[in-house]
Chemist: 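Here it is, the structure in full.
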Amino acid sequence: MSCWNDCDALLRRAVPLAPLTTWGMGGAAEYYAEPVDLAGLGCLLSQAERHQVRVRLLGNGSNVLVQDGSLRGLVIRLASPSFAQIRIEEDTGLLFAGAGAPLAVVARLAMQHGFAGLENLAGIPGTVGGAVRMNAGSGPHTIGLVVEEVGAIDPAGRFACFSRSNLFFAYRHSNLTDLVVTDVVMRLRPDRPARIEARYRQALERKRESQPLGEKTAGCVFKNPPGLSAGRLIDEAGCKGLSQGDAVVSSVHANFIVNRGAATFSDMLRLIELVRLRVEDRTGIELELEVEIWV
Ligand code: FAD
Ligand code: EPU
């Protein structure tokens with residue numbers, strides 16, 4: 001693992017991940033890289049596989065809980081502008097976006113060009129890659145519904161294109177788990193910009209009213225059980241305001257845990273477990289995590 005040959009120049013060591021996550025906490029990546037192009041990314045992936053180093057992709061870090069201390073393995077972020085290109089084909093309604101592009105920027109651009117399909121995802125702070133991998137969404141509106149094609153690299157560094165028929169999306173899930181998404185084609189439909197904007201504003205307003213958007217969180221911590229709201233179950237179990245160290249269950253939306261400043265990984269884990277136990281004791285329902293724990 002000492003020599004990564006051509007990729008050596010890309011690698012940084014002991015890079016703190018807290019500033020790269022919305023929870024603003026956690027330790028440092030043993031190895032970290034921001035490749036500048038597909039060739040660099042492919043090289044990193046194939047070398048990591050050769051050296052049996054675990055690779056994790058970090059988007060905007062808005063759905064991950066990173067352990068304290070040193071996180072073993074390589075964390076890759078597609079932060080280079082070459083992974084954030086966005087293009088809209090006006091005649092077909094196809095939108096091409098790099099995986100590193102912020103979903104919010106893509107949604108606004110689509111709206112300005114009079115293309116609908118992403119406006120209901122307003123306020124979701126992920127990258128296109130993270131959103132597609134998680135099938136991010138709001139109510140019945142999920143990004144998977146508009147995805148037409150995904151370009152991705154497998155662990156050996158080989159690039160492949162997945163058309164809609166090879167893709168599978170479910171609630172906060174896709175079949176892209178072991179791949180690095182590099183770019184996404186979305187099929188949008190034309191509509192009047194004013195109408196799209198009205199829906200965009202409404203979606204954002206709903207989120208602002210019901211979620212602690214200005215705080216350090218990772219969105220909903222738990223998935224909704226079928227037909228139920230985890231937030232409501234946690235609220236009804238009396239968990240709002242429950243805390244462990246600087247980790248506290250939001251008083252705005254009970255499925256959000258806020259880092260008040262100096263929450264540690266173990267504060268978060270203890271609070272998550274406490275909430276889970278309270279809900280299970282009261283309802284018999286075992287909540288499943290939506291956020292991904294990186295250890
Ligand atoms: P990360 O959190 O960085 O990563 C999430 C997962 O995606 C990880 O497994 C990571 O390895 C993987 N990943 C990231 N990039 C790639 C890539 N290029 N290729 C392959 N895998 C990749 N989510 C919703 O669905 N709906 C909401 O309404 C919503 N509201 C939120 C509100 C707030 C305030 C916050 C903080 C979060 C919210 N979230 C919501 C959660 C989060 O924003 C989404 O899950 C988002 O899609 C994660 O994207 P990301 O780029 O931050 O991914
Ligand atoms: N509720 C409470 N107390 C709370 C929170 C919610 O009683 O503390 C009630 C609400 O009053 C409402 C019901 O529960 O009657 C549902 O709440 P909400 O509309 O906020 O939706 P949710 O099911 O809690 C889901 C997603 C959110 C997404 C919203 C958009 C999940 C786990 N959560 O929340 O996604 O933004 O719908 O409508 O699927 C995320 O995935 O990270 C996320 C934030």
Side-chain angles (χ1 to χ4, degrees), residues 17 20-24 35 41 45 54-66 75-79 83-84 97-104 120-144 150-155 171-184 202-204 206-241 249-259 287-294:
L17 296 176
L20 305 178
T21 70
T22 53
W23 246 331
L41 174 60
L45 293 172
R54 177 159 184 195
V55 176
R56 291 178 171 96
L57 255 288
L58 185 64
N60 192 39
S62 61
N63 205 49
V64 292
L65 174 56
V66 179
V75 171
I76 297 179
R77 226 171 124 244
L78 305 182
F83 291 109
L103 182 61
N120 290 299
L121 308 184
I124 301 179
T127 57
V128 165
V132 170
R133 152 78 178 77
M134 294 300 303
N135 190 21
S138 204
H141 311 281
T142 57
I143 195 163
V150 169
I153 303 192
D154 73 12
Y171 172 58
R172 301 293 189 267
H173 173 79
S174 73
N175 62 346
L176 297 161
T177 28
D178 295 322
L179 298 164
V180 177
V181 174
T182 57
D183 45 81
V184 176
Q202 196 183 29
L204 201 56
R206 250 200 333 262
K207 260 178 107 67
R208 282 197 181 124
E209 276 168 8
S210 60
Q211 301 177 2
L213 295 193
E215 312 255 25
K216 285 183 182 168
T217 75
C220 285
V221 170
F222 300 99
K223 289 184 186 173
N224 283 345
L228 297 169
S229 159
R232 184 195 289 262
L233 295 174
I234 299 166
D235 191 355
E236 288 172 352
C239 296
K240 276 184 172 169
V249 176
S250 167
S251 55
V252 179
H253 193 298
N255 202 4
F256 283 61
I257 293 183
V258 176
N259 173 10
L287 292 176
E288 196 188 322
L289 279 180
E290 175 179 321
V291 295
E292 210 174 275
I293 295 187
W294 284 13

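Whatever order the structure lists them in is the order used to number ligands and atoms, beginning at 1. Computed from a predicted structure; not experimentally measured.
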Chemist: Is there any N or O on G137 that sits under 3.5 Å from an N or O of ligand 2?
Modeler: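 There is no such contact.
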Chemist: Is there a nitrogen or oxygen of N60 sitting under 3.5 Å from a nitrogen or oxygen of ligand 1?
Modeler: yes
Chemist: Taking non-hydrogen atoms only, is L179 closer than 4.0 angstrom to ligand 1 via side chain, backbone, both or neither?
Modeler: backbone
Chemist: On a heavy-atom basis, I'd like to know which of G130, A99, P125 is closest to atom 14 (C) of ligand 1.
Modeler: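 The nearest heavy atom belongs to G130.
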Chemist: Taking distance alone, with no angle check, do G129 and ligand 1 share an N/O pair under 3.5 Å?
Modeler: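 No, no N or O pair falls under 3.5 Å.
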Chemist: Can you tell me if S138 has a non-hydrogen atom under 4.0 Å from ligand 2?
Modeler: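 Yes; S138 lies near enough to ligand 2 that a heavy-atom distance drops under 4.0 Å.
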Chemist: Output the list of atoms in ligand 2 that are nearer than 4.0 Å to some heavy atom of G231, sorted by atom number.
Modeler: 3 (N), 4 (C), 5 (C), 8 (O)
Chemist: Where does T22 meet ligand 1, judged by heavy-atom distances below 4.0 Å: at the side chain, the backbone, both, or neither?
Modeler: side chain
Chemist: Evaluating non-hydrogen atoms only, which member of L78, L57, T21 is closest to atom 22 (C) of ligand 1?
Modeler: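 Minimum heavy-atom distance to atom 22 (C) of ligand 1 goes to L57.
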Chemist: Show which atoms of ligand 2 fall inside a sub-4.0 Å distance from at least one heavy-atom site of F222.
Modeler: 32 (C)
Chemist: Indicate yes or no: does an N/O atom of T127 lie under 3.5 Å from an N/O atom of ligand 1?
Modeler: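 Yes, at least one N or O pair falls under 3.5 Å.
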Chemist: Is there a heavy atom in A218 that sits closer than 4.0 Å to ligand 1?
Modeler: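 Yes; A218 lies near enough to ligand 1 that a heavy-atom distance drops under 4.0 Å.
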Chemist: Heavy-atom distances under 4.0 Å are what count here, so tell me which part of F256 touches ligand 2: side chain, backbone, both or neither.
Modeler: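 Just the side chain.
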Chemist: So, for atom 19 (O) of ligand 2, does the protein have a heavy atom nearer than 4.0 Å?
Modeler: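 False for atom 19 (O) of ligand 2.
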Chemist: Hey, is E236 touching ligand 2 through its side chain, its backbone, both or neither, going by heavy atoms under 4.0 Å?
Modeler: neither
Chemist: Which residue from E292, K207, K216 reaches closest to atom 30 (N) of ligand 1 through any of its heavy atoms?
Modeler: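 Among E292, K207, K216, the closest heavy atom to atom 30 (N) of ligand 1 comes from K207.
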Chemist: Is the closest heavy atom of E215 to ligand 1 under 4.0 Å?
Modeler: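 So E215 does not count as touching ligand 1.
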Chemist: Going by distance only, is there an N or O of E290 that falls short of 3.5 Å from an N or O of ligand 2?
Modeler: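 So ligand 2 has an N or O lying under 3.5 Å from an N or O of E290.
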Chemist: Does ligand 2 have an atom under 4.0 Å from some heavy atom of K240?
Modeler: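 Distance cut 4.0 Å: K240 passes for ligand 2.
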Chemist: Any heavy atom of R206 sitting closer than 4.0 Å to ligand 2?
Modeler: no
Chemist: How does N224 reach ligand 2, by side chain, by backbone, by both or by neither, if only non-hydrogen atoms under 4.0 Å count?
Modeler: both
Chemist: Among L58, N63, I124, V181, which residue places a heavy atom closest to atom 23 (N) of ligand 1?
Modeler: I124
